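Bear in mind that the values here come from a model prediction, so they are computed numbers and not experimental data. Just so it is clear: chains get the letters A, B, ... in the order the sequence lines come, proteins before strands, and each one is counted from 1.
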Amino acid sequence: MKWQHWVLGRQPGRTLLRAAALGVLTALVGRYIVRPFRVVGTSMEPTVRDGAWGLGYVAAYRWKEPSVGEIVMIRLAGDSVMYLKRVLAVPGETVEFREGELWVNGERRPEPYLRTNGNWTTAPVRLGPDEYLVAGDHRTVRQSAHLAGVVRRERIVGKLWQWTGRNLSAQ
Amino acid sequence: MDRQKSQRAVIAVALVIGSGVVAWWWIRPSDSRWIERQLMQLCRLAEKNSEEPMIVAARRADRIAMMMTEDVQLNSTQPWAVSISSRGEVRRAVLETRAMVRRLHVSIDDLQTEVTADRLAADQRCTIRVRVDGGGWSDAQARELALRWRREPDGWRIATAHLVDVIRALPLPNRSD
């Protein structure tokens, strides 16, 4: 009987109840507050590397809106697979790329998190009341190979909070 | 002893009935389950894990095309520009793609299916992930896919499909000639 005591304790019923409660709590926290995920792809390199593990704060935008510079999680058909992109501009701003540089409302917006700017060039676009400009940090790929552009607010479901391989001195 | 025997008999009958219900549910799935299984089968047919003879590729292309209506509309702009408007074009496109790639892996997540009230059509949304290895180049993409199924005399078929623009690309600058 020793191994049963070791696994379940002296009161198996209470142990099982505690385990069930812990399971429910973990599920609730993972669903509504903090969600772990694994990064697949190089879109956010060098900031977030392919294969890194991260924690997404899914309650981040319950009471506030996304801000410029934040790395956000963007929902597709559901929550299993999401995009990870950086917010470059917020609703109402007029945005464009000129030879890799981001221009917002006619002024150049510095992007200190980029290692190289790339050479993207786009026409100016005014963002709607619920639209954000997002892009990955990996800009050296050609424009057509990088998924970047305008996303609706309803698709932004959280913010990147922590991740492995994070270079704290670069933040 | 009699009480034990009757208890065992009750449990056995309950198990048999329960198994029968599960088997009936599995064999006679609802429309949405049937459609979801069709989509999974389509993904399995689309996959390519190694070099294959032309006849195998052709058979797969035929089976994939037969899962669509005769006037199927398939459209997308990025990352793969696709505009298909018939089963024949599906067959050709599948054959061309299979000839170009060495490996192709398709997976589906977050699948949602809604059958219309008249049960003649169904709308489906999912996240589709495609990984391609072309022998020297590789690519992996995730997109949201929207499908419309239609009930035909010989079963459910895909009538339209398009990739949803979750992130809408910025327009290129106008060029004056």
Side-chain angles (χ1 to χ4, degrees), chain A residues 37 39-43 50-51 72-89 93-99 102-104 119-128 130-136 141-157, chain B residues 32 35-36 39-40 42-43 76-82 105-114 122-134 136-149 158 160-177:
Chain A
F37 60 86
V39 175
V40 176
T42 57
S43 169
D50 180 27
V72 297
M73 299 152 63
I74 298 168
R75 179 181 59 81
L76 287 104
D79 295 342
S80 300
V81 179
M82 297 201 214
Y83 294 138
L84 205 61
K85 299 287 179 189
R86 192 182 294 272
V87 174
L88 305 186
E93 293 184 322
T94 299
V95 298
E96 62 179 309
F97 281 98
R98 296 181 195 172
E99 293 296 324
L102 175 66
W103 288 70
V104 180
N119 62 354
W120 298 355
T121 300
T122 66
V125 162
R126 184 176 164 82
L127 297 174
D130 64 345
E131 293 181 336
Y132 291 78
L133 178 67
V134 296
V141 296
R142 67 181 193 283
Q143 213 167 320
S144 58
H146 185 113
L147 187 60
V150 179
V151 67
R152 294 175 69 94
R153 170 67 180 89
E154 65 194 19
R155 292 278 186 171
I156 299 175
V157 296
Chain B
S32 58
I35 289 165
E36 286 172 6
L39 184 64
M40 293 306 162
L42 178 64
C43 293
S76 95
T77 49
Q78 52 160 297
W80 317 290
V82 169
H105 179 70
V106 180
S107 59
I108 297 286
D109 297 280
D110 297 320
L111 180 59
Q112 304 141 45
T113 308
E114 206 174 304
D123 291 309
Q124 219 173 29
R125 288 235 160 185
C126 65
T127 299
I128 183 168
R129 284 186 288 155
V130 176
R131 206 165 57 240
V132 176
D133 176 8
W137 61 272
S138 64
D139 194 12
Q141 299 281 346
R143 288 290 187 275
E144 183 172 328
L145 177 64
L147 302 128
R148 177 92 172 169
W149 292 76
I158 295 172
T160 66
H162 69 273
L163 294 178
V164 176
D165 276 339
V166 173
I167 299 178
R168 194 178 75 243
L170 293 174
L172 295 175
N174 290 327
R175 288 205 171 120
S176 54
D177 295 342

>> Is there a side chain to side chain contact (heavy atoms under 4.5 Å, CB included) between R168(B) and R152(A)? Walk through the geometry before answering.
In response: CA-CA 9 Å; R168(B) 194 178 75 243; R152(A) 294 175 69 94; 5.9 Å; no
Between [X] and [Y], what is the shortest heavy-atom contact and its length?
{"X": "R75(A)", "Y": "V166(B)", "value": "O-CG1, 3.8 Å"}
{"X": "V81(A)", "Y": "D110(B)", "value": "N-OD2, 3.8 Å"}
{"X": "I167(B)", "Y": "A148(A)", "value": "CG2-C, 3.6 Å"}
{"X": "V164(B)", "Y": "R155(A)", "value": "CG1-NH2, 4.0 Å"}

> When rounded to the nearest 0.5 angstrom, what is the spacing between CG in L172(B) and OG1 in T121(A)?
Replying inline: 9.0 Å
Are there over 12 heavy-atom neighbours, none belonging to [X], within less than 6.0 Å of that residue's [atom1]?
{"X": "D130(A)", "atom1": "CG", "value": "yes"}
{"X": "E114(B)", "atom1": "CD", "value": "no"}
{"X": "R148(B)", "atom1": "CZ", "value": "yes"}

> Would a 4.5 Å heavy-atom cut-off, applied to side chains only, mark L76(A) and R125(B) as touching?
Replying inline: no
> Taking the side chain as C-beta and beyond, is there a heavy-atom pair between R129(B) and V40(A) under 4.5 Å?
Replying inline: no
>> side chain to side chain contact (heavy atoms under 4.5 Å, CB included), that's the test. Do L170(B) and E96(A) meet it? Break it down for me.
In response: CA-CA 8 Å; L170(B) 293 174; E96(A) 62 179 309; over 6 Å; no
>> What part of V150(A) gets within 4.5 angstrom of chain B, counting heavy atoms only: side chain, backbone, both, or neither?
In response: both
> Which residue out of Y132(A), Y83(A), W120(A), F97(A) racks up the most heavy-atom pairs below 4.5 Å with chain B?
Replying inline: Y83(A)
> Hey, does the side chain of T127(B) reach the backbone of A77(A) with a donor-acceptor pair shorter than 3.5 angstrom?
Replying inline: yes
>> Is it the case that the side chain of D109(B) and the backbone of S80(A) share a donor-acceptor pair, with hydrogens and angles ignored and the cut-off at 3.5 Å?
In response: no
